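The structure appears right after this line, and notes come after that.
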Amino acid sequence: MKKQWSLVLLFAVSLNFAQQGIPNYQPSEENLNAREWFQEARFGLFIHWGVYSLLGDGEWVMNNQNIAVDTYEKLPSFFNPIDFDAEEWVAMAKNAGMKYITITSRHHDGFSMFDTAAEDYDIVDATPFKRDVLKELAAACKKADIKLFFYYSLLDWRSDDYYPRGRTGLGIKGRENGDWNAYIAFMKQQLTELLTNYGEIGGIWFDGHWDQKQWDGKKFGKLNVDWHYRELYQLIHDLQPHALIGNNHHIAPISGEDFQMFEKDLPGQNTTGWGTSASDIGQLPLEVCETINGSWGFNLQDDKHKSSKELIHLLVKSASYGSNLLLNVGPMPNGKIQTEHLKSLSEIGLWLDQYGETVYGTKAGILEPDNQLASTRKDRKVYLHVLDPEHNVIFLRDVPEKIKSAKLYGTSKKVRYEQNDLGLTIAIPKAEMNPINTIIELELK
Ligand code: GLC
């Protein structure tokens, strides 16, 4: 091979290698245990909160309204969420049946919701509130036995050092051309803080990778930068071996990650068009994340709230794929959660009080869920979730094993069924159909 070409090849291979994360990553024993815990947990609370909440227009407001850096920097001076009560949030999550919380420690706007020594643009040094909300949340979570994860944005619309710039935030004025390596060092400093100053952390949830990819309106192209995942991931695993790493990059897992996430999508469905496709599903624990209305950060005018029935269906469908659901709230600038979302969360909690056994600690079921049916499995039991109350006679072609009995979950009422070479037919009396979800418990032989 000509020297020139081998150099090009070497460069391509090393750039590719740099994106691959930790070579031959072997998760520690603690990490494997944490994955197991994660898979049993099934339900978590996502929290998007930052100075953007003040504007009531979602967490992308800086980009969407092209707010110049010095203008946006006025927000912290009047961010004063006097009604914030960490224990209240944790109690809300717990009553909803959630087992963990993932909160934005720093979103794309570059504002840190924790006390960082890397700069003063943070909740303690730049707001009249002066309280480290992550610290208060960490303490409240510990007390309530809820695990705490930190969302961390790789993308930054404010930092000069986030250079080369990505695809978004290009209309934001007031940035200089800085130094990418300094940006990587900054992230390492912040991640070190997050993994040392807040006790035991559930994990880190990265986002923003896709900002550095070309996009032609239909699909993503090449990545422009080296995110130094190998070092970032190693740092996290060294500081807290049990902490789980996930990255919302919309591609197959990168070595060093411990769970895989699907944004606004059931695993592999890619209904958004920019999501993760089925062929990119790896072997890691899965997590679906979704909003209650259409917004992550507080959005005053977004009233497209999903009903608690829709949200329960989403939880059950996620579990049918063997996936967790991370359901989002965007607290208001005063630190309160909007009443519509409080109501949904408590309704889901009541439902889980009764039917949680068919969700927590289950594995993917025996069929691909749709709007009529979903299913989860635990040992020799299969839970058939009938999501459409009109659908009381069910025929399943591919039941992998013979069944021994069928009954209405939580009762001793037997359900009529017939299993033969063609498949399994189940007939549920109309009067027994539950408007939200009728659960049939099948016992396998
Ligand atoms: C997207 C958005 C971001 C949000 C995240 C949650 O990546 O950029 O605002 O935090 O999804 O899944």
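Computation of the quantities below employed the complete heavy-atom set of this structure, encompassing side-chain atoms and omitting hydrogens, waters and symmetry-equivalent molecules. Just follow the structure's listing: the first ligand is 1, and inside any ligand the first atom is 1. If you're wondering where the values come from, they're calculated on a predicted model, not measured in any experiment.
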Counting only heavy atoms closer than 4.0 Å, does ligand 1 sit against the backbone of [X], its side chain, both, or neither?
X: Asn248; value: side chain
X: His107; value: side chain
X: Trp205; value: side chain

Next item on the list: Can you label the angle between the Tyr121 ring and the Phe111 ring as parallel, tilted or perpendicular, going by 30° and 60°?
Entry: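 Because their plane-to-plane angle is over 60°, the rings of Tyr121 and Phe111 count as perpendicular.
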
Provide the number and element of each atom of ligand 1 under 4.0 Å from a heavy atom of [X].
X: Trp60; value: 2 (C), 3 (C), 8 (O), 9 (O)
X: Tyr151; value: 10 (O)
X: Glu59; value: 3 (C), 4 (C), 9 (O)
X: Cys289; value: 12 (O)

Shortest heavy-atom approach to [atom] - which of [options]:
atom: atom 3 (C) of ligand 1; options: Asp207, Leu155, Thr291; answer: Asp207
atom: atom 11 (O) of ligand 1; options: His250, Glu263, Met261; answer: Glu263
atom: atom 10 (O) of ligand 1; options: His48, Glu290, Lys264; answer: His48
atom: atom 12 (O) of ligand 1; options: Trp296, Trp210, Phe262, Phe206; answer: Trp296

Checklist line | Sub-4.5 Å side-chain heavy-atom contact between Trp157 and Tyr72 | finding: no

Checklist line | Residues in ring pair (Phe, Tyr, Trp, His ring centres under 6.0 Å) contact with Tyr321, at least two apart in sequence or another chain | finding: none

Notebook entry, point to check: Do His108 and ligand 1 have an N or O pair less than 3.5 Å apart?
Noted result: yes

Do [X] and [Y] have their ring centres less than 6.0 Å from each other?
X: Phe149; Y: Tyr100; value: yes
X: Tyr198; Y: Phe150; value: yes
X: Trp180; Y: Tyr162; value: yes
X: Trp210; Y: His249; value: no

Notebook entry, point to check: Taking all atoms of both residues into account, what is the closest heavy-atom pair of Leu239 and Thr192, and its distance?
Noted result: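 Smallest heavy-atom distance, with atoms named: CD1-CA, 3.8 Å.
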
